[in-house]
Amino acid sequence: MRERRKVVMAMQVMGKATTLAAKTANATSATTATTTTTASNPQQEQMQLQQKYDLLQVTLVDCPGHASLIRTIIGGAQIIDMVLLVVDATKGIQTQTAECLVIAEMTTRNLIVVLNKVDLFPEDEREERIRMAEKKMRMSLRGTKFENAKMVGISACVGGEKVAAIGGSSGDGAAGSSNNDSTGKIAGTNNIHGLLNILQSQIRAPSRDSKPSPDRFHFAVDHCFPIKGQGTVLTGTCLSGSARPNDMVEFPTLATQKKIKGLQMFRRKANIIQQGDRAGICVSNFDAKLMERGIIASPGTVKLIRGAIAVVRKVRFFKGGLHSGAKFHVSVGHTTVMATVTFWGAREIAQQVEKKELELASSSRNSQTYGKSSLGGSADLAGLPRLKFDWNQDFLHQDDYLEVLPSVDNNSNNNDESDKAKEKGLPPLHWARLEFLTPVYCPIDSLVIGSRLDTEVNANTCRLAFSGRLVERYEAKTDHNRLKSYTKKEKIGTVCRLGDPFRRSDDNKLVRYEVFGTDLFKKETNMSQFVGLLMETDSGDIGSIQSSFGTSGKFRVNFPAGTDIREGDPLYLRFKRYANDPKKAIHQDGSLPRARPGSRVDVPIKKKKSKSKNGADHGGLATGDGGTAKNDVIGSNGSNDKDVKIGEVDKLKGDVLPNGKHTMSIVSGLFSMADDINKHKGRRVVCTTTEEEGVVDGSFGKMGKCRCLFEDGISAEVGSQVKLLP
């Protein structure tokens, strides 16, 4: 035999100051026996509902819709399964209507647009005007999850409420029909049956706990009043768990417990209420004046929290940025308090895409392990997955909420999440630290909404800033130092000297395994604390600081795999510091590469100038056997060419041409300290390894070195031979 069950729905009515100016209905939710009735498409779901139930009872919960009462509207967000968005057909979407649409996106997949007050259109133009109103609504819904929502035009009260109040008859007329009273004024309704037919066709089985437990009972109270001789009645919606008469319930905000005297649903006694039920709970010895709206729950299940960590997403219609340290109105159920909000972790959450999907799949199969703080379907309706916060994870510091997630080339998951969010038009997920100025009672996993309720009501802007899901309690005194937030730092030094050249064995490339740097530390710096830190070059070669070099702040760096760095090139010291580390210690994540050995390359040995016994100077170059200078070139006829000399490239300087070559080199060995190099200015030189030609441009220092200019640049490496032509 099929069951008799019910579906509970919550309606928001907006703009009641005028005659039903802009109704918004938020259809909220049901008590079904199981969550397995959901099917792959609406047609299958409808068939399963018809097969399983004889009767579906729908309850509409009316909430205020005026923009100034948005706080109450947000309070009703936790009991929404389905939305009836009722809009004045003559005015279209208003600011408060748009805000309710945002709440609908956070809480449900199902929405019906009801265009009210169509009786104000002239009868001969009514159909065309309704089509135009529907077209405008489609444009307003573009980019939301409700682009293809069903729409229907009605008149809830033909002629207006005042006409009905002074004697107009009420009844349900067919589309285009009306009833006339004795005064000739029109009263009644228009096309209500059309709305009911669409509503019936769009009802879906909501997600519910398959095994509601009395240990996780959570009840949202929206009204409290006394009944003489009976006690105090609390009306509201069961958000999770179940309750029976004689069960004890706790009033967390009042720190008191009461026994349930009786239960009613729709004026009928009930033996049990469970998730989704709209019910009245009667308790004795309780002053109704102590509570208007709030929560009651199983004893000990709802704790007072002063702060929380939540996964949040910005409302894309909110104009302006979300800044860390700013204060927002944060609503949890019917409670709205001020909170200081700090945002971080966008990159790290994006890297957990696959893990998030696995957790969502698991939670959908075992929803009873989590409990619920709202009826808004599955956890990802608002794009807010259930994620566990890892206190041991490192997070890159963020100053504010990131509107667009920076792409990371070496992380495909990060890029995938960023691309998916861009396709949907959704801002990226963030972690947020909420520090409540007034402690609140709420369970973990509650849906929270951050807003700017101090914004001018008539400002024509969305005041809802972000939505979130509480993940972890946060106590500022004990948990502040547990958050591992870091900032990236970078210091830049300069290569001042190169070690001996080596020919690397695996690729035959000329490299240096040791270089010397400067401009990174002061001379009084204690270098022992920096020994072992990793240094990096522009080309990505990684080495480590071995020791200081001299007493002027220079340092020695060893590259196990070698490097082709040149003098004057930068050396980077990259590290991170944790914000809550009192020692401000340096931390690095990289490691040294494996060693790539090579064989040493002999370079020409520079010798001091020697003099003969009689004091004669031999051109500033040491001579070997027979008095022949080692840097002299011996001709083919065996005689010495005294006008040709050989030196070596000591440094590469000057501008870098588009071809990557330097325009100047410093050459040693061509002249002695006693030579007047300016007399040789303009003489041609040639690099023996690359055959690049240049000219002597003048002296460099007092050690016999000279500057040589190369118009087309020089690509020779340091240590290459340079010939001074006659």
Side-chain angles (χ1 to χ4, degrees), residues 78 215-216 218 240 250-256 294-313 322-346 348-349 352 369-374 379 384-401 429-451 465-487 577-585:
Q78 60 186 338
D215 297 330
R216 292 184 288 106
H218 192 71
S240 67
E250 181 181 26
F251 295 75
T253 57
L254 302 175
T256 186
I295 59 172
I296 59 176
S298 301
T301 58
V302 178
K303 302 294 185 181
L304 180 69
I305 62 174
R306 294 175 175 82
I309 292 175
V311 55
V312 302
R313 190 190 296 276
L322 302 181
H323 306 294
S324 291
K327 289 181 173 59
F328 293 87
H329 294 87
V330 176
S331 301
V332 185
H334 287 300
T335 304
T336 299
V337 297
M338 295 296 295
T340 303
V341 185
T342 303
F343 302 97
W344 83 96
E348 289 76 13
I349 285 186
Q352 300 175 10
T369 61
Y370 289 94
K372 285 179 177 288
S373 62
S374 65
L384 301 168
R386 288 187 175 98
L387 296 176
K388 292 183 179 180
F389 182 75
D390 186 0
W391 290 96
N392 296 318
Q393 185 176 4
D394 289 353
F395 296 97
L396 181 62
H397 172 76
Q398 292 177 204
D399 291 326
D400 298 309
Y401 187 102
L429 291 167
H430 280 63
W431 290 113
R433 184 173 71 241
L434 310 175
E435 298 179 68
F436 301 113
L437 301 188
T438 302
V440 298
Y441 285 93
C442 65
I444 296 302
D445 195 42
S446 294
L447 177 66
V448 296
I449 298 175
S451 53
F466 62 86
S467 62
R469 188 175 296 281
L470 299 187
V471 175
E472 188 87 16
R473 295 180 64 182
Y474 174 82
E475 293 289 342
K477 293 182 179 179
T478 57
D479 295 334
H480 179 69
N481 291 332
R482 295 179 64 192
L483 290 175
K484 302 180 69 175
S485 175
Y486 68 90
T487 55
R577 278 200 172 113
Y578 291 99
N580 299 325
D581 184 5
K583 297 181 179 179
K584 302 298 180 183

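None of these values were measured; they are calculated from a predicted model.
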**Report entry** Residues forming a side chain to side chain contact (heavy atoms under 4.5 Å, CB included) with D581, sequence neighbours excluded
**Finding:** Y578, K583, A585, H587
Query raised in the report: Is there a donor-acceptor contact under 3.5 Å from the side chain of E475 to the main chain of G307?
Result: no
Report task. Return yes when atom NZ of K584 has more than 12 non-hydrogen atoms of other residues, nucleotides or ligands closer than 6.0 Å, and no otherwise. Result -> yes
**Report entry** Near-ring test F466/F328, centroid separation under 6.0 angstrom
**Finding:** yes
Requested in this report: Using the side chain to side chain contact (heavy atoms under 4.5 Å, CB included) rule, take T253 and T335 through it: C-alpha gap first, then chi angles, then the decisive distance, then the call.
Outcome: CA-CA 11 Å; T253 57; T335 304; 5.9 Å; no
Query raised in the report: Taking the six-membered ring for Trp, are F389 and F395 parallel (under 30°), tilted (30 to 60°) or perpendicular (over 60°)?
Result: parallel
Report summary line: Smallest heavy-atom separation, M338 atom then K327 atom, equals CE-CB, 3.7 Å
Query raised in the report: Can you tell if the side chain of E250 reaches within under 4.5 Å of the side chain of V302, non-hydrogen atoms only?
Result: no
Query raised in the report: Hey, does the side chain of R577 reach the backbone of T487 with a donor-acceptor pair shorter than 3.5 angstrom?
Result: no
**Report entry** Spacing of NE2 belonging to H430 relative to OG1 belonging to T342, to within rounding of 0.5 Å
**Finding:** 12.0 Å
Query raised in the report: Which pair of non-hydrogen atoms, one from S298 and one from T301, has the smallest distance, and what is that distance?
Result: O-OG1, 2.7 Å
Query - Gap separating the CG atom of L387 from the CD atom of E348, nearest 0.5 angstrom - result: 12.5 Å
Report task. Determine, step by step, whether L434 and Y474 satisfy the side chain to side chain contact (heavy atoms under 4.5 Å, CB included) criterion, reporting the C-alpha distance in whole Å, the side-chain angles of both residues, the deciding distance to 0.1 Å, and the verdict. Result -> CA-CA 8 Å; L434 310 175; Y474 174 82; over 6 Å; no
Query raised in the report: Should H218 and I295 count as side-chain neighbours, where that means a heavy-atom distance under 4.5 Å?
Result: yes
Report task. Measure from the side-chain N and O atoms of D394 to the backbone N and O of Y486, and report whether any donor-acceptor pair falls under 3.5 Å. Result -> no
Query - Sole candidate of R473, R469, K388, R216 that passes salt bridge (charged side-chain N to carboxylate O under 4.0 Å, His left out) when paired with D445 - result: R469
Query raised in the report: Going from OG on S467 to CZ on R313, what distance comes out if it is rounded to the nearest 0.5 angstrom?
Result: 8.0 Å
Query raised in the report: Quick one: NE2 on H329 to OG1 on T336, what's the gap to the nearest 0.5 Å?
Result: 8.0 Å
Report summary line: Value for CG (D399) from CZ (F343), rounded to nearest 0.5 Å, stands at 13.0 Å
Requested in this report: Starting from the C-alpha separation in whole Å, work towards a yes-or-no answer on side chain to side chain contact (heavy atoms under 4.5 Å, CB included) for V312 and L322.
Outcome: CA-CA 11 Å; V312 302; L322 302 181; over 6 Å; no
Side-chain polar contacts of residues 435-443 - donor-acceptor pairs under 3.5 angstrom, sequence neighbours left out - could you list them?
residue : atom : partner : partner atom : Å
E435    : OE2  : R433    : NE           : 3.2
Y441    : OH   : P252    : O            : 3.2

**Report entry** Shortest non-hydrogen separation from V330 to A339 and the atoms involved
**Finding:** CG2-CB, 3.7 Å
Query raised in the report: Once you round to the nearest 0.5 Å, how far does CG of L396 lie from OG of S485?
Result: 7.5 Å
Query - All side chain to side chain contact (heavy atoms under 4.5 Å, CB included) counterparts of R482, not counting sequence neighbours - result: W391, D479
Report task. Please report the shortest heavy-atom distance between I444 and V471, naming the atom on each side. Result -> CG2-O, 3.3 Å
